[in-house]
Amino acid sequence: MNAAGSRRRKTYDDLRSKRWYGVADLRAFGHRSRTLQMGYTREDWAGKPVIAIINTWSDINPCHSHFKIRVEEVKRGIWQAGGYPLEMPAIALAEPFQKPTTMLYRNLLAIETEELLRSYPADGAVLMGGCDKTAPALLMGAITMNLPTIFVPAGPMLRGNWHGNFLGSGTDSWKYWAELRAGNITEKDWEEVEEGIARSYGTCMTMGTAATMMSMAEVLGFTLPGASSIPAPDSNHSRMASLSGRRIVDMVWEDLKPSDILTDKSFDNAVTTLMAMGGSTNAVVHLLALAGRAGVKLTLDRFNEISKHVPMIANVRPSGKYLMEDFYYAGGLPAFLNELGDLLDRKAATVNGQTLGDNIKDAKVYNKDVIVGRDKALYQSGGLAVVRGNLAPDGAVIKPTAADPKLWKHTGPAVVFEDYNDMAARIDRDDLNVTKDSVLILKNAGPQGGPGMPEWGMLPVPKKLLKEGVRDMVRISDARMSGTSYGTCVLHVAPEAYIGGPLALVKDGDLIELDIEARTLNLKISDAEMVKRRAAWKKPAPKFGRGWGALHAMHITQADQGCDLDVLRDGPRVPEPEIH
Ligand code: FES
């Protein structure tokens with residue numbers, strides 16, 4: 001039986017929107033007359049489900065430029081299937097522009113999504129996102145509202161190009177920035193890289209946070225099959241948009257909701273996929289938050305358990321060689337998932353009413369250098385690892401596949417930066433007491449300290465070491481790093497320094513021991529010394545006295561909890577709006 005087969009089909013009397021449009025009272029008079037005011041006729045809405053399209057288009061988000069056109073394609077599908085589309089713009093969370101980080105606003109978009117759906121006459125939702133935090137934010141809000149929901153991913157942009165070489169978003173920026181600082185390329189070369197690295201609309205086209213989270217949306221069951229891998233400018237992307245519009249109308253009549261799709265098994269599928277694709281470390285935080293909204297108990301330890309037996313089979317930067325455009329031509333996510341075979345629960349439900357297994361069973365890999373077989377895995381265990389120890393009692397995350405294997409087991413003296421500004425002021429100074437064996441520490445960059453865990457976790461290698469040819473060293477912080485980054489960067493240390501986690505107590509010269517194989521991270525000082533330092537520690541002054549930042553600081557949870565706001569994740573269901 002498919003996901004919708006066991007439920008009674010809804011009728012117009014069951015729809016939320018009937019309370020706005022289909023009753024004979026003064027309020028409904030107002031709703032109808034104001035809809036007529038917009039030029040619609042009664043036939044446009046009468047007896048039809050209202051589909052809210054939450055669109056994160058903005059002039060400042062280049063990853064979503066095409067959403068202005070795509071939204072019309074989504075609407076076309078909704079009209080064709082007998083629905084009434086209403087576009088509702090929402091905060092765009094433009095990763096390249098928003099300071100200090102879009103992550104500070106992920107939960108704001110999640111609230112906005114939830115409250116748009118609650119306060120307006122929505123019977124179903126189409127979510128349009130892709131740029132890093134937009135996908136998890138939209139899904140978090142929609143999961144809580146639990147109306148039939150389909151996700152339209154923005155899709156990756158085309159490959160970058162410089163002198164005939166492919167360029168990958170982020171990954172090649174860091175690479176050529178290091179070469180510029182080392183004096184190996186010219187300012188003119190750098191300008192040309194700048195002009196060639198982002199050639200079309202669409203999201204970053206490495207396996208960064210956007211590609212990872214769009215794939216997570218698909219494997220969790222929220223998109224049409226294959227939707228997440230289609231390059232944004234491809235005409236298949238337009239067709240996917242209108243088909244998603246058509247499908248959401250049926251989903252409303254079938255009453256196919258997020259709670260019918262999301263289970264502990266579907267989250268295991270997502271974690272398995274994340275590991276096999278060498279996806280972004282950010283996905284750990286986002287999946288924990290999504291699971292929290294779905295009422296599924298997902299822990300950091302589950303990531304480690306799954307990581308151990310999942311091979312990495314996506315040869316895509318930053319952990320591999322190719323880009324998302326190549327991944328699509330190689331068969332895209334359906335072929336990739338099919339290759340994972342029995343590592344996935346194929347009975348998981350999806351928005352098209354079929355199981356995940358049905359959706360992927362005929363998908364083939366067309367380029368085995370991009371999606372490699374399990375027997376030829378790039379790494380025998382998954383792309384991410386969770387480490388714990390006295391420096392990170394509640395865990396920290398590292399991407400071993402993007403790190404130099406020589407550093408997987410490493411002990412070195414700490415070079416401590418109290419915050420980002422301290423790091424930026426001193427990292428390139430000739431008198432910085434640092435060697436290639438040092439461990440760079442960045443404090444106060446976590447959920448409260450950043451605030452919002454900015455992507456500062458890939459601390460730059462000091463200039464004097466770059467000139468010696470050093471390209472990687474162990475770096476530890478409570479920040480995140482871009483999914484397009486690479487290096488031996490231990491991230492998301494919990495609890496964070498700003499609230500007095502052990503990271504706050506590290507001093508210059510302390511020995512730090514990282515052992516990825518053993519999954520440990522320890523500060524080599526005695527317990528007594530740790531107690532003494534803790535007693536002397538003083539909490540930094542609050543960063544915000546008012547506004548969203550102050551609200552955020554009051555309610556934000558730590559990285560191992562997904563950084564959701566406690567008031568959004570916990571508590572009883574919010575009732576439907578009163579009728580008046
Ligand atoms: Fe939007 Fe990378 S900047 S996805």
Side-chain angles (χ1 to χ4, degrees), residues 55-68 70 90-106 109 127-139 151-160 166-177 193-218 223 227-234 237 274 277-283 285-286 316-319 323-325 327-328 333 399 402 452-458 480-486:
N55 187 358
T56 52
W57 176 88
S58 161
D59 263 337
I60 201 161
N61 195 333
C63 309
H64 297 175
S65 297
H66 54 315
F67 276 174
K68 217 170 193 176
R70 290 292 174 275
I91 183 171
L93 302 187
E95 194 67 27
F97 296 101
Q98 205 157 19
K99 310 284 184 208
T101 165
T102 50
M103 185 63 181
L104 181 60
Y105 301 101
R106 182 199 67 180
L109 175 56
L127 309 177
M128 299 182 68
C131 188
D132 284 28
K133 313 303 177 292
T134 56
L138 290 163
L139 289 169
F151 184 73
V152 172
M157 69 175 100
L158 299 176
R159 297 183 196 101
F166 294 149
L167 293 176
S169 314
T171 308
D172 285 300
S173 320
W174 321 124
K175 179 175 151 190
Y176 287 106
W177 178 238
V193 169
E194 196 170 287
E195 286 157 9
I197 201 164
R199 292 173 48 231
S200 77
Y201 47 72
T203 68
C204 293
M205 72 331 229
T206 40
M207 189 63 82
T209 305
T212 305
M213 288 313 300
M214 292 188 290
S215 303
M216 295 297 99
E218 179 167 340
T223 75
S228 66
S229 314
I230 307 171
D234 194 304
H237 197 272
L274 171 66
M277 56 186 4
S280 167
T281 45
N282 284 323
V285 179
H286 298 321
V316 179
R317 296 179 207 185
S319 298
L323 296 169
M324 288 309 292
E325 191 177 341
F327 185 77
Y328 176 62
L333 196 71
K399 191 175 197 176
M453 295 177 83
E455 293 183 338
W456 296 334
M458 193 181 88
R480 296 171 300 111
M481 80 173 180
S482 163
T484 62
S485 304
Y486 52 87

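Both counts, for ligands and for their atoms, begin at 1 and track the order of listing.
- Heavy-atom contacts of E95 reach the following atoms of ligand 1: 3 (S) (cutoff under 4.0 Å).
- Using a 4.5 Å cut-off on side-chain heavy atoms (C-beta onward), F97 and P62 make contact.
- Note on ligand 1: P96 sits in its first shell, one or more heavy atoms being nearer than 4.0 Å.
- Here A210 has side-chain heavy atoms under 4.0 Å from ligand 1, and that is the only part of it that gets that close.
- Close approach of ligand 1 to C131 (heavy-atom distance below 4.0 Å) involves ligand atoms 1 (Fe), 3 (S), 4 (S).
- For ligand 1 and C63, the ligand atoms under 4.0 Å from any heavy atom of the residue are 1 (Fe), 3 (S), 4 (S).
- Defined by atom type and a distance below 3.5 Å, a donor-acceptor pair is present between the side-chain atoms of S280 and T209.
- One finds no salt bridge joining R199 and E194 here, because no Lys/Arg side-chain nitrogen approaches an Asp/Glu carboxylate oxygen to under 4.0 Å.
- Nearest protein heavy-atom contact of atom 2 (Fe) of ligand 1 is C204 SG, 2.1 Å.
- Side-chain atoms of R70 and H64 form no donor-acceptor pair, as typed in the model, at a separation below 3.5 Å.
- Salt-bridge check for D172 with R317: passed, with a basic side-chain N closer than 4.0 Å to an acidic carboxylate O.
- A donor-acceptor pair shorter than 3.5 Å can be found between the side chains of E455 and N282.
- Within the listing of ligand 1, atoms 4 (S) sit less than 4.0 angstrom from a heavy atom of T203.
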